[in-house]
Student: 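Mind looking over this structure? Questions follow.
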Amino acid sequence: MTTTGTGTRRPWSRLLPNTAPWRSSADFRLVWTSGAVSMLGSVFTLTAIPLQIADATGSPLAVGAVGLVELVPTVLLGLYGGVLADRLDRRTVALTTEIALAALSALLLLNALAGAPVLWPLYAAAGCAAALQGIQQPSLEAMVPRLVPHDQLLAAGALLSLRWTAVGLAAPAAAGVVIATAGVRAAYLLDLATFLVSIALLARLRPLRPAREEEAPALREFAEGARYVARRPDLVGICLADLVATAFALPTALFPFLADELDARWALGLLYSASAAGGLLAAATSGWTGRVHRHGRFVLLSCAAVGAATAAAALGSGVWGVLLCLAVAGAAHWVGDTFRGAIWNRSVPDALRGRAAGLELLVGAAGPALGDLRAGGLAARYGLRTALRTGGLACLVGGGVLAAALPALWRYDDRTDPHVAQVRASRAGAADPA
């Protein structure tokens, strides 16, 4: 604890992230560090593959096709990955897929080392990597409630989000420098090295066996998870809030054109990183989140704030004003993600948590893809500023509509919610303590 000379806590220290999960759980530290290392390396590959395709074809359409190749397996295998996360040892699923991802990086390195790199392996690797990550992600998300005490789940989510935003801000710049100075081969080699470190860390994680033993056909098991979510208006609401925010107010597809309109092509990288910078600032001052209990209310308010900031960016005539609006939107999005994660982790039973994570992944993949399609189509027909403005306003209004249509989400309070109480009691009596 940070104190003054009189022994009282300094007010600003209450804004610092709560690091209790990091201190109390060695397994959480392993997962957090493994994810940070693996994400850092993956950004190198995600930067190198489009560059290789662009150099080989000179076609923006060929580069854009990578997104389609990645989206379909992410959605389909993410749903199945949710079933596996509730059937199998989550550590085993995460470790096995991490080894397979490392093998893909090795194949990409071999292709880059060839005298004339072949194009089709780049698409194949992108699709296979998306499929493996779709299988892996539900297990990684579903294991967190088993690693830390129940009352530290919100803090754990904030620390995981801090990891994501920090890597998302720093890794693209590092990847650009490495590729510009040493080429794509160095990028793939670094990615492979980070996977080896991540595998070594995950191998030290204790087993996380499923909370149930009976199994049904995969489709029936997924339907069981979907029915559970559908019966809870608060869970339906946080899915819709995430979809509204990403489909209407995540205008990344417009950034190259926005940079040109602002006569600031030099700021293109800043446009891409502004949202992550805002999220990082919010994560670094996240101590206040532990004193919030009406999580649903903050999910809805953050959705509206993302929309308002995006609409404000459409009115900006200077690059710095636009960047500020995008950073505010990123900070608001971080707040929404943090409290969405708290609701999932604190109120969904462990036996269903993997399938719930698969649905999260589905929404998380579909929203940005729909957002790019919406923004690009509107910009082509009505202009860039119209696409930005209408998307932001739709997100703002959408937050209000959800608040009115789903009062259960607006009233959600983790101190009184019966689902939270049930999960807390189940964990207190479990034989597999955090």
Side-chain angles (χ1 to χ4, degrees), residues 141 145 150-151 153-155 157-158 161 223-250 282 286 288-311 328-329 331-350 352-353 355-364 366-367 370-371 390-427:
E141 293 190 9
H150 187 79
D151 61 356
L153 283 173
L154 178 60
S161 185
E224 179 188 2
R227 284 195 298 271
Y228 174 82
V229 172
R231 288 195 296 266
R232 287 188 51 185
D234 52 345
L235 296 184
V236 173
I238 61 177
C239 287
L240 291 176
D242 190 22
L243 190 62
V244 166
T246 54
F248 290 116
L250 191 65
S286 61
W288 62 273
T289 59
R291 298 185 290 278
V292 172
H293 298 283
R294 296 185 179 275
H295 298 162
R297 191 164 298 185
F298 273 76
V299 168
L300 294 167
L301 291 173
S302 71
C303 179
V306 169
T310 302
V328 171
H333 201 95
W334 182 91
V335 172
D337 282 346
T338 296
F339 288 114
R340 271 191 293 270
I343 294 173
W344 284 115
N345 287 330
R346 293 171 69 96
S347 71
V348 176
D350 186 72
L352 291 162
R353 187 65 188 92
R355 282 163 285 178
L359 287 169
E360 285 182 84
L361 185 61
L362 171 62
V363 173
L370 292 173
T390 56
L393 292 175
C395 181
L396 175 60
V397 172
V401 170
L402 289 175
L406 297 168
L409 179 57
W410 182 260
R411 294 194 304 264
Y412 178 94
D413 188 323
D414 74 334
R415 296 168 296 188
T416 58
D417 184 81
H419 302 288
V420 174
Q422 182 179 7
V423 171
R424 183 185 294 113
S426 175
R427 292 198 64 191

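Remember, predicted model here, so these are calculated numbers, not experimental data.
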Student: Is there side-chain contact between L352 and R355, with at least one heavy-atom pair below 4.5 Å?
Tutor: yes
Student: Just jot down the salt bridge (charged side-chain N to carboxylate O under 4.0 Å, His left out) partners of D234, sequence neighbours excluded, or say none.
Tutor: R232
Student: Would you please name every residue forming a salt bridge (charged side-chain N to carboxylate O under 4.0 Å, His left out) with R353, sequence neighbours left out?
Tutor: E360
Student: Calculate, to the nearest 0.5 Å, the distance between atoms CZ and OG1 belonging to F248 and T390 respectively.
Tutor: 9.0 Å
Student: Could you give all pairs that pass the salt bridge (Lys or Arg N to Asp or Glu O under 4.0 Å) test and reach residues 402-413, with sequence neighbours left out?
Tutor: D413-R415
Student: Should T289 and V335 count as side-chain neighbours, where that means a heavy-atom distance under 4.5 Å?
Tutor: no
Student: Restricting to non-hydrogen atoms, name the atom on V423 and the atom on P349 that form the minimum distance, rounded to 0.1 Å.
Tutor: CG2-N, 3.9 Å
Student: Do the non-hydrogen side-chain atoms of T246 and H333 ever get within less than 4.5 Å of each other?
Tutor: yes
Student: State which residues pass side chain to side chain donor-acceptor pair (under 3.5 Å) with R346; sequence neighbours excluded, sorted by chain then number.
Tutor: D414
Student: Could you tell me the separation between the OH atom of Y412 and the NE2 atom of H419, rounded to the nearest 0.5 Å?
Tutor: 9.0 Å
Student: Rounded at 0.5 Å granularity, tell me how far OG1 in T338 sits from NE2 in H295.
Tutor: 10.0 Å
Student: With sequence neighbours excluded, what pairs up with L402 under the side chain to side chain contact (heavy atoms under 4.5 Å, CB included) test?
Tutor: L240, A241, V244, L300, L406
Student: Taking only residues two or more places apart in sequence, or in another chain, which ones meet V229 in a side chain to side chain contact (heavy atoms under 4.5 Å, CB included)?
Tutor: L235, W344, L359
Student: Would you check if P233 and L409 make a side-chain contact, meaning some heavy-atom pair closer than 4.5 Å?
Tutor: no
Student: Considering only distance and modelled atom types, tabulate donor-acceptor pairs under 3.5 Å from the side chains of residues 302-311, sequence neighbours left out.
Tutor:
unit_1	atom_1	unit_2	atom_2	d
S302	OG	F298	O	3.2
S302	OG	V299	O	2.8
S302	OG	G336	N	3.4
T310	OG1	V306	O	2.9

Student: Run the side chain to side chain donor-acceptor pair (under 3.5 Å) test against R231 and tell me which residues pass, sequence neighbours left out.
Tutor: none
Student: Which heavy-atom pair separates A342 from L154 by the least distance, and what is that distance?
Tutor: CB-CD1, 3.5 Å
Student: What pairs with D417 under side chain to side chain donor-acceptor pair (under 3.5 Å), at least two apart in sequence or on another chain?
Tutor: none
Student: Who passes salt bridge (charged side-chain N to carboxylate O under 4.0 Å, His left out) against D151, sequence neighbours left out?
Tutor: none
Student: Suppose we screen for side chain to side chain donor-acceptor pair (under 3.5 Å). Which residues come up paired with S161, at least two apart in sequence or across chains?
Tutor: W334
Student: To the closest 0.5 Å, what do you measure between CG (L362) and CG (L243)?
Tutor: 9.0 Å
